[in-house]
Amino acid sequence: MPLARQDPFDWIDEEARRRELGGLVRFLRPREADDGPLDLAGNDYLGLTRHPAVTAAAGAAAARWGAGATGSRLVTGTTALHAELERELARFCGFEAALVLSSGYAANLAALTALGGDRGGLIVSDAANHASIVDGCRLARAETAVTPHADPEAVRKTLAAHPGRRALVVTDSVFSVDGDAAPLAGLAAACRGAGAALLVDDAHGLGVLGDGGRGAPHAAGLAGAPDVVATVTLSKSLGSQGGAVLGPARVIAHLVNTARTFIFDTGLAPAAVGAALAALGILRGEPGRAARVREVAATLHADLTAAGLRVSRPDAAVVSVRAPSPDAAVRWAADCRAAGLLVGCFRPPSVPDGVSRLRLTARADLTDRQVRTAVRTVLAAAPPTA
């Protein structure tokens, strides 16, 4: 009989050594509440996280409804505030109904597992989709086919190779690594030619794209279509926390009855619901914020490209700058931080193509002077081979 292992977690040490050798070790860096470095790393696209009306709404909701939702949405976790947010989200984005969950991640898992079908179904997923979509595909019982990035013709051919099967095509609206937008019109056409449904993760589109920030499906003329479902997060443009699924009323009713990340999870805290409602009201009243985000992103792209860096063309708020290696990306981001600028640092396995990057996020509340400062700081800290 083989001897028992002395240390059941010794394999963790070996994996940690491999990460260190590859320059892939990650650390938690707690930030203070007061003003710190200029932030181009977070996803507060509209600058609403600290907006007085948003924080006041969060406090008022907590005072009225309590600090937590107290239970799952189907037990005690649904308040009148949750129902109001669902109505307002659906109305703003142009869909028939909405369902609020505790995160955008949970929203994608809910949609994919509930709509992906049984083992006879098919999910067609873009190769650059977010990890939450990848995990949702893994949890769904349907077969998953991964197609080349942003390629409607590849999607059409994949669907044609599986005639008669229940099929769901899923894509990010804006891809979180390079910031490019999905060809939604072409994908919708491919879906309709095969009788497939389209699921769009609009985490990075809501508040930035479409008329007044109504999102990528709205901009593509797909909002409210009977064969289109969208997921959104409340933690980016709306400055709060949580997620939602938007779509036809019968789809939302199906999720209420079948989506495990909705049924068995505690409802979103009232403070987050109140904050998201207030942020949505500000966006509705100040539609110019969406255009300002795109303007800032375009300026960052133009100025960094003119200086010779390899920069992705931003279709929304994300600006990606390629680095020569994982170690160089880490040092570049650290040097920016030391100079008073926070930028994201994306390395494998977070990037599907294995190329390390700095990730800058535009915000509507950045001044022109702050944008110029950010550009100068990134250039000054750039490695020689960038």
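What you are looking at is a predicted structure, and each value in this text was computed from that prediction instead of being measured.
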Which heavy-atom pair separates V228 from P248 by the least distance, and what is that distance? O-CD, 3.6 Å
Mind checking ring pair (Phe, Tyr, Trp, His ring centres under 6.0 Å) for H301 and listing every partner two or more places apart, or none if nothing turns up? none
Are I263 and Y105 connected in a single hydrophobic cluster, I mean Ile/Leu/Val/Met/Phe/Trp/Tyr linked by side-chain heavy atoms less than 4.5 Å apart? no
Hits for salt bridge (charged side-chain N to carboxylate O under 4.0 Å, His left out) against D178, two or more places apart or cross-chain, chain-then-number order -> R357
Can you confirm whether the side chains of S102 and D265 place a donor and an acceptor under 3.5 Å from each other? yes
Of all the heavy-atom pairs spanning L268 and G242, show the shortest one and how long it is. CD1-CA, 3.8 Å
Consider only side-chain N and O atoms of T70 and T76, and report whether a donor and an acceptor are under 3.5 Å apart. yes
Validation row: T171, D201 side chains within 4.5 angstrom (heavy atoms): no
Does a side-chain heavy-atom distance below 4.5 Å link L360 with V311? no
Between the side chains of E20 and R17, is the shortest nitrogen-to-carboxylate-oxygen separation below 4.0 Å, so that they form an ion pair? no
Can D180 and R313 be said to form a side-chain contact (heavy atoms from CB on, under 4.5 Å), step by step? CA-CA 7 Å; D180 57 317; R313 179 182 59 84; 5.6 Å; no
For residues F262 and L255, determine if any side-chain heavy atom of one lies less than 4.5 Å from a side-chain heavy atom of the other. no
Is there a continuous path of hydrophobic side-chain contacts, each under 4.5 Å between heavy atoms, that joins V177 to W332? no
Could you walk me through whether H204 and Y45 pass the side-chain hydrogen bond (donor to acceptor under 3.5 Å, both in side chains) test, one step at a time? CA-CA 9 Å; H204 299 277; Y45 296 147; 2.7 Å; yes
Side chains of R363 and D39 in contact at under 4.5 Å (non-hydrogen atoms): yes
Establish, from distance only, whether the side-chain atoms of D44 and T49 form a donor-acceptor pair under 3.5 Å. yes
Might you point out which heavy atoms bring S237 and L46 nearest each other, and give the distance in Å? O-CD1, 3.5 Å
Got a sec, which residues hit side chain to side chain donor-acceptor pair (under 3.5 Å) with R292, two or more places apart in sequence or on another chain? E295, D368
Exactly one candidate in D172, N108, T231, T233 meets side chain to side chain donor-acceptor pair (under 3.5 Å) with S132; the answer is N108
Can you find a side-chain donor-acceptor pair between S125 and N129 that sits under 3.5 Å? yes
So, D227 and R192, do they make that salt bridge, N to O below 4.0 Å? yes
Shortest non-hydrogen contact from P217 to A230? CG-CB, 4.2 Å
Spell out, yes or no, whether V200 and L246 are grouped together once hydrophobic residues are joined by side-chain heavy atoms under 4.5 Å, including indirect joins. yes
Hydrophobic cluster identity match, L187 and I133, side-chain contacts under 4.5 Å: no
Let me confirm one number: the CG-CG distance from L206 to L89, rounded to the nearest 0.5 Å. 7.0 Å
Sorted by chain and residue number, the salt bridge (charged side-chain N to carboxylate O under 4.0 Å, His left out) partners of R337 (sequence neighbours excluded) come out as none
Close side-chain approach of R294 to V208, heavy-atom, < 4.5 Å: yes
Using the ring pair (Phe, Tyr, Trp, His ring centres under 6.0 Å) criterion, which residues pair with F175? Sequence neighbours excluded. H149
Assigning hydrophobic clusters by single linkage (Ile, Leu, Val, Met, Phe, Trp, Tyr; side-chain heavy-atom cutoff under 4.5 Å), is V232 placed with I252? no
Here the gap from T113 atom OG1 to R138 atom CZ, rounded to the nearest 0.5 Å, amounts to 15.0 Å
Does L168 reach the side chain of V124, with side-chain heavy atoms less than 4.5 Å apart? no
Less than 4.5 Å apart, side chain to side chain, heavy atoms only: is that true for L40 and L342? no
Give me the atom names and distance for the closest heavy-atom approach of L309 to A382. CD2-CB, 4.4 Å
Per the side-chain hydrogen bond (donor to acceptor under 3.5 Å, both in side chains) rule, what does the pair list look like for residues 85-99, sequence neighbours excluded? R73-E86, E88-R91, E88-R284
Check P148 against A154 and note the closest heavy-atom contact, atom names and distance. CD-CB, 3.7 Å
Any heavy-atom pair between the side chains of T79 and V273 that's under 4.5 Å? no
Between CG of L209 and CG of D315, what distance do you get to the nearest 0.5 Å? 7.5 Å
